[in-house]
S.K.: 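Okay, here's the structure, questions in a sec.
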Amino acid sequence: MFRYLRLLLPLLLIALPWVIYPLAQRADPVQERLLEGLPLLMALCALLLASGFKRGRIALASVALGCSALLLGAASDRGLDNPDAYVLFSGISLLLPLVYAWLLIPRDSAILSRRGLLQWGGLLLPFGLLLLAWQYPQQLALWLPRLPSAFLEVVAEHSMLTRAIFWLSLPILALYLVLTLTRRTIDEVAMFGSLLAQLLALHTMKEPLLGMLFLASAGLLCVCAVVMHIYAMAFVDTLTGVPARRALEHHLSNLGRHYSIAMLDIDHFKQFNDTYGHDVGDQVLRMVAAQLNKVTAGGSLFRYGGEEFTIVFRGQREEEVVSALDTVRQRVADYPMKVRAPQRPRNDRRGRKTREETGAATEQVKVSISIGVAWRLADEKPDSVIKRADKALYKAKGAGRNRVITEGINDPRRQRRVKDR
Ligand SMILES: Nc1nc2c(ncn2[C@@H]2O[C@H](COP(=O)(O)OP(=O)(O)OP(=O)(O)O)[C@@H](O)[C@H]2O)c(=O)[nH]1
């Protein structure tokens with residue numbers, strides 16, 4: 001539940017325009033111009049960041065946002081009561097959900113690949129046509145009677161247009177929401193949120209400044225998505241999803257005086273790789289990380305590297321820490337880890353059939369971890385605590401593995417500090 005809330009938190013940015021709008025209304029003309037330029041600026045920033053970090057769909061969404069901001073800006077400058085401007089506004093309103101439906105299909109791909117060119121072409125073409133229609137209203141007037149009468153009726157009547165946008169957008173928004181909740185990636189959150197913000201912009205375009213603020217919030221969401229992606233690349237381990245070594249270094253620089261560090265290592269892990277292959281090794285790593293993540297006593301888990309993990313506990317609480325570590329050790333040891341034969345076919349259905357035919361069942365393997373934990377001594381640096389925890393870990397390995405060994409609990413230098421408290 002908390003994970004979902006944290007994932008959806010950036011959506012709060014969509015509420016920002018309602019907060020800023022009362023202030024924005026008091027802006028002088030120069031500030032107002034700057035605010036009107038904000039959506040384009042945000043779209044540009046999002047595009048540059050997304051292109052730099054290979055977030056293809058966010059880049060496409062930023063371009064769609066930039067195009068809508070440009071065209072909506074032009075339409076609202078002319079005044080939406082003006083027929084040309086109203087046709088442009090109607091065109092964007094109907095196009096936007098369709099563009100997002102188009103963005104549901106593509107996967108991230110390089111712009112100069114065949115798929116990339118198709119994605120960009122499919123996105124830019126309709127906006128280009130709208131721009132042409134806006135630039136050459138006489139030709140548009142010649143073309144309009146040739147368009148389907150149902151389309152013209154929708155455009156001509158505002159209430160029908162609103163209903164059409166609603167019914168077009170609803171399934172697409174719902175699909176993005178489902179993708180957000182199933183894929184649980186920040187890219188999906190940004191796609192869902194930016195579409196929602198742009199629909200709100202269209203809805204509030206009678207107050208152009210508020211509409212522009214909504215467009216800017218859509219851009220901000222895209223920027224936010226790429227920044228969060230960069231953060232994850234730097235601080236989160238992609239295989240296990242737990243904070244990586246760099247995050248540990250940051251965490252260690254912000255600890256108080258009283259803490260303990262546990263180093264954990266999977267026993268005989270090389271054997272798993274050698275016997276079942278690297279993929280099964282990776283599955284074991286993920287399972288161990290998931291179990292360690294349940295550690296209590298306020299421990300923070302990090303992947304130290306390879307098959308080693310680190311858990312940092314703030315404060316003293318020796319017994320609580322040892323008991324929490326022993327519980328996770330036992331959880332890993334009790335976990336019914338099933339692995340399939342190393343030469344199993346890649347295709348799951350064929351694999352199942354072969355197993356049924358040969359009677360080969362999935363094999364259950366035992367995984368265990370060894371743990372060394374050290375408490376900080378007076379004036380000791382985190383690096384040195386890690387080294388002592390590592391020593392304790394090797395003692396645990398030497399003593400037969402699958403156990404917790406402590407280091408420094410009764411050290412007089414530490415006792416002095418405890419008495420000092
Ligand atoms: N599958 C997989 N293997 C990894 C990864 N990182 C490191 N390893 C493997 O982890 C193994 C570590 O083996 P060793 O350091 O010899 O230790 P061990 O076999 O666990 O033996 P003990 O620690 O003494 O119990 C090596 O075979 C590495 O290739 C990873 O991300 N995925």
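In this text, all values refer to a predicted model and were calculated from it rather than measured experimentally. Computed over heavy atoms, backbone and side chain alike; hydrogens, waters and symmetry mates excluded. For this chain, numbers begin at 1 and follow the sequence in order. Just follow the structure's listing: the first ligand is 1, and inside any ligand the first atom is 1.
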S.K.: To which of Leu239, Leu285, Asn273, Asn402 does the heavy atom nearest atom 26 (C) of ligand 1 belong?
M.R.: Asn273

S.K.: Out of Gln283, His268, His278, Arg401, indicate the one that has the non-hydrogen atom closest to atom 24 (O) of ligand 1.
M.R.: Arg401

S.K.: Using a distance-only test with no angle check, is there a side-chain donor-acceptor pair under 3.5 angstrom linking Arg376 and His258?
M.R.: no

S.K.: Below 3.5 Å, N or O to N or O, backbone or side chain included: is there any such pair between Lys397 and ligand 1?
M.R.: yes

S.K.: Heavy atom under 4.0 Å from ligand 1: found in Asp265's side chain, backbone, both, or neither?
M.R.: side chain

S.K.: For ligand 1, which is the ligand I care about here, please tell me if Phe269 has any N or O atom under 3.5 Å from one of the ligand's N or O atoms.
M.R.: yes

S.K.: Any nitrogen or oxygen of Ile266 lying under 3.5 Å from a nitrogen or oxygen in ligand 1? Just yes or no.
M.R.: yes

S.K.: Just to be sure I read this right, does ligand 1 sit under 4.0 Å from the backbone of Asp282, its side chain, both, or neither, counting only heavy atoms?
M.R.: both

S.K.: Take Trp375 and Phe313 through the ring-ring contact (aromatic ring centres under 6.0 Å, His included) test and state the conclusion after the steps.
M.R.: CA-CA 9 Å; Trp375 275 264; Phe313 299 89; 8.3 Å; no

S.K.: Show me which atoms of ligand 1 lie under 4.0 Å from any heavy atom of Asp267.
M.R.: 25 (O)

S.K.: If we only count N/O pairs under 3.5 Å, is Gln271 in contact with ligand 1?
M.R.: no

S.K.: If you count the atoms of ligand 1 from 1 in the order shown, which ones are under 4.0 Å from a heavy atom of Gly281?
M.R.: 1 (N)

S.K.: Can you check which of Arg286, Glu307, Lys270, Arg303 brings a heavy atom nearest to atom 31 (O) of ligand 1?
M.R.: Arg303

S.K.: Checking side-chain hydrogen bond (donor to acceptor under 3.5 Å, both in side chains) against Ser384, which of Lys381, Glu380, Lys387 comes through?
M.R.: Glu380

S.K.: Apply salt bridge (charged side-chain N to carboxylate O under 4.0 Å, His left out) to Arg163 and list each qualifying residue two or more places apart in sequence or on a separate chain.
M.R.: none

S.K.: Taking the cut-offs as 6.0 angstrom to the six-membered ring centre and 45 degrees off its axis, would you call Arg245 and Tyr304 a cation-pi pair?
M.R.: yes

S.K.: Please check if any side-chain donor atom of Ser370 sits under 3.5 Å from a side-chain acceptor atom of Asp267, or the reverse.
M.R.: yes

S.K.: Looking only at the side chains, is there a donor atom on one of Tyr276 and Gln283 sitting less than 3.5 Å from an acceptor on the other?
M.R.: no

S.K.: Using heavy-atom distances only, which candidate in Gly306, Gly305, Gly277, Ser368 approaches atom 7 (C) of ligand 1 most closely?
M.R.: Gly306

S.K.: Indicate whether any N or O donor in one side chain lies under 3.5 Å from an N or O acceptor in the other, for Ser323 and Asp326.
M.R.: no

